[in-house]
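As the structure lists them, so they are numbered: ligands from 1, and atoms in each ligand from 1.
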Amino acid sequence: MLKIYLKKQRKKRLEQGHPWIYQSEIERIEGDVGAEDLISVHNHEGYFLAQGFYNPQSQIAVRVLAYREDTTIDEAWFLNRIRAAWDRRLWLIPGVSSCRAVYGEADFLPGLIVDKYEDVLVIQMLAAGMEKRREWIFQALREVFQPRGIYERNDVPVRRLEGLDERSGFVGPEFDTLVEIQENGLKILVDVAEGQKTGYFFDQRQNRAALKPFMTGWGKRRGIRLGTDGQPLDVNGKAIKNPFWDGAEVLDCFSHTGGFMLHACAYGAKKVTCVDVSETALKTARENALTNGFLHRAEFVEGNAFDYLREKVKEGKHWDVVILDPPAFAKSHQALSAAMRGYKEINLQGMKLVQPGGILVSASCSYHLTVEQFFEMLAEAARDARKVLRLLELRRAGLDHPVLLGSRETDYLKFAIFEVFDRP
Ligand code: SAH
C-alpha cells in the first residue's frame with residue numbers, strides 16, 4: 001500500500017474527524033503511484049492515522065475510509081458499510097421506504113450517494129476511488145436492497161474535479177423511471193431520470209413535517225368566530241362553508257415538485273401557491289396535488305421567484321406563511337458575497353409578504369454559508385424591511401443526512417421558522 005506523510009505544520013483536521021486530506025497538507029508519498037489508490041496516512045513522525053482513497057488529480061488528495069490499520073478495504077467492507085448505513089435509517093426512521101440511504105462521507109463511504117425511492121436506487125459516485133469499485137458497490141446494493149432497478153445520476157460537474165466524466169443512465173436492465181414514493185404518509189411522484197439532482201430533495205423531510213403546527217389557527221385572525229352551534233361565521237355573521245376556513249394561506253417559493261405544498265395541504269392549509277422557474281417541476285407538483293386530493297387548494301405559478309416576490313410586494317399582497325427554499329446560490333466560497341445579496345433579496349421581499357404575526361420559513365442549502373452568516377443576512381433583511389423576527393425553530397437536514405462534527409460540508413442545510421412583526 002502507498003504511504004503518505006503529512007506536514008508537521010497543518011491543521012489537525014483529520015484528528016477532529018474531517019475525512020479529507022488536501023494536496024497542500026502532504027509532505028511526501030512513499031511507494032509507486034500507479035494504478036494503486038489505497039493509501040495509509042501518517043503524521044510527520046510516521047504514526048498511522050487513517051486509510052483512504054488517494055487521487056493525485058484531485059485537490060482532495062485523500063478521502064478517509066477507515067481509522068484502523070488492519071481494516072481490509074474489500075468487497076465485504078463495502079457491503080458492511082452500506083448495510084450499516086441502511087440499518088441506521090431503519091432504526092432512526094421506523095418504517096421508512098424512501099430516503100437517502102447512503103450519504104457519502106457522513107456514512108463513512110466518501111463520495112458515494114445512494115437515494116432510495118421505494119424499490120429503485122439512484123446513485124452518485126463523486127470520488128474516483130468509488131467509481132473504480134462500482135461493480136462491488138452495485139453488487140452490495142443488490143444484496144442489501146434487492147432493488148427493481150438502479151439508475152446512475154453521475155451527470156454532475158464536480159466529477160470533473162476527480163478526473164471523472166459526467167454521465168447518467170440505467171445500471172443493468174431498464175425500468176420505469178417514474179416512481180411514486182411515500183413521505184410522511186403522502187404520495188410523491190419522482191422522476192429519477194429527468195428530475196433535478198437524483199429526483200427529489202429528501203433532506204427536508206422532517207422540516208416539511210415541522211410545518212404542521214402553523215398550518216391551522218388562522219381563522220380567528222381573519223375575524224372568523226364560531227356560532228352557538230359550532231358553525232364558523234365570518235365578520236358579517238355569515239356561515240362559512242369552506243372546511244379549511246382555519247387553514248393558512250401559504251406561499252411556497254422555489255416549490256420544486258411541491259414537497260412543502262403537499263405537507264401544508266395535509267396539515268390543513270386553506271390555499272398554497274407554488275412558484276418555481278421549472279415547468280417540469282411544476283408539472284409534477286400539479287400531479288402530486290391531484291394524486292393526494294389537494295388540487296383545489298393548490299395553485300402553480302411558473303416564473304422567476306425574484307420577480308414574483310417583488311411584484312406581489314408592489315401589489316400589497318400578504319400571506320399567513322411564506323416559505324423560501326432556494327437552490328444553493330453560493331456554489332463556491334468566492335461566490336458567497338453575490339449569493340448573500342440573493343438570499344437577502346428574497347428574504348427581504350418574502351418577509352414583507354408575511355402578514356403581521358405570520359410565519360416566514362427560510363432555508364439555505366449552501367454549506368459556504370454558516371448559520372451565523374445566515375442569521376446575520378436575515379437580520380439585515382429584517383432591518384431593511386422594517387420587520388422584527390422572532391425565532392420559533394432552527395432546524396437542519398433530516399436524520400438520513402448525518403452530520404460529521406469535523407466536516408462542515410456535511411452540515412449544509414439551515415432551516416429557520418420565524419414569526420414576523422412590523423416595526424413602525
Ligand atoms: N422546496 C423544494 C426544493 C427546492 S429546490 C422541495 O421541498 O422539494 C430549488 C428549486 O428552485 C428548484 O425546483 C428550481 O427549479 C427552483 N429555482 C431555481 N431558481 C429559481 C428562480 N430564480 N425562481 C424560481 N425558482 C427557481
ask   = Can you list the residues that meet the side chain to side chain donor-acceptor pair (under 3.5 Å) rule with K414, with sequence neighbours excluded?
value = none

message = At less than 4.0 angstrom from any non-hydrogen atom of S278, what atoms of ligand 1 do you find?
response = 15 (O)

message = Closer than 4.0 angstrom, basic N to acidic O: yes or no for R310 and D307?
response = yes

query = Using heavy atoms and a threshold below 4.0 Å, how should the contact between S255 and ligand 1 be classified: side chain, backbone, both, or neither?
reply = backbone

key: Atom indices of ligand 1, in the order listed, that fall short of 4.0 Å to a heavy atom of R208   = 6 (C), 7 (O), 8 (O)

ask   = Have E152 and N154 got a donor and an acceptor in their side chains that come within less than 3.5 Å?
value = yes

task = Output yes when the distance from some N or O of ligand 1 to some N or O of Q196 is under 3.5 Å, and no in every other case.
result = yes

request  = Would you verify whether the NZ or CZ of R133 falls within 45 degrees of the ring axis of F78 while also being under 6.0 Å from that six-membered ring's centre?
outcome  = no

message = Side chain, backbone, both or neither: which applies to Q204 and ligand 1 if a contact is any heavy-atom pair less than 4.0 Å apart?
response = neither

message = For a side chain to side chain donor-acceptor pair (under 3.5 Å) check, start with the C-alpha distance between E345 and Q349, then their side-chain angles and the critical distance, and finish with the verdict.
response = CA-CA 6 Å; E345 168 66 10; Q349 305 299 345; 3.2 Å; yes

task = Output the list of atoms in ligand 1 that are nearer than 4.0 Å to some heavy atom of F260, sorted by atom number.
result = 1 (N), 7 (O)

task = From the options I323, D325, D307, V277, select the one whose nearest heavy atom is closest to atom 25 (N) of ligand 1.
result = V277

query = Any idea which of F329, F306, F254 brings a heavy atom closest to atom 4 (C) of ligand 1?
reply = F254

query = Is there a donor in the side chain of E105 and an acceptor in the side chain of H18, or the other way round, less than 3.5 Å apart?
reply = no

query = Quick one: nearest non-hydrogen protein atom to atom 15 (O) of ligand 1, plus distance?
reply = D276 OD1, 2.6 Å

query = What part of F201, side chain, backbone, both or neither, has a heavy atom within less than 4.0 angstrom of ligand 1?
reply = side chain

inquiry  = Closer than 4.0 Å to some heavy atom of G303 - which atoms of ligand 1 meet that?
reply    = 23 (N), 24 (C)

inquiry  = I'd like to check which ligand 1 atoms, numbered from 1 as shown, lie under 4.0 Å from a non-hydrogen atom of N304.
reply    = 21 (C), 22 (N), 23 (N)

inquiry  = Does this structure show an ion pair linking R341 with E380, if we count only N-O contacts that are shorter than 4.0 Å?
reply    = no

query = Going by the atom numbers of ligand 1, which of them fall below 4.0 Å from some non-hydrogen atom of A305?
reply = 21 (C), 23 (N), 24 (C)

query = Among all residues two or more places apart in sequence or in another chain, which pass the side chain to side chain donor-acceptor pair (under 3.5 Å) test with N207?
reply = Q204, R395

note = Per-atom filter on ligand 1: closer than 4.0 angstrom to a heavy atom of H256 are 2 (C), 3 (C), 4 (C), 8 (O), 13 (O)

query = Taking only heavy atoms of P327, which atoms of ligand 1 are found under 4.0 Å from at least one of them?
reply = 9 (C), 11 (O), 18 (C), 19 (N)

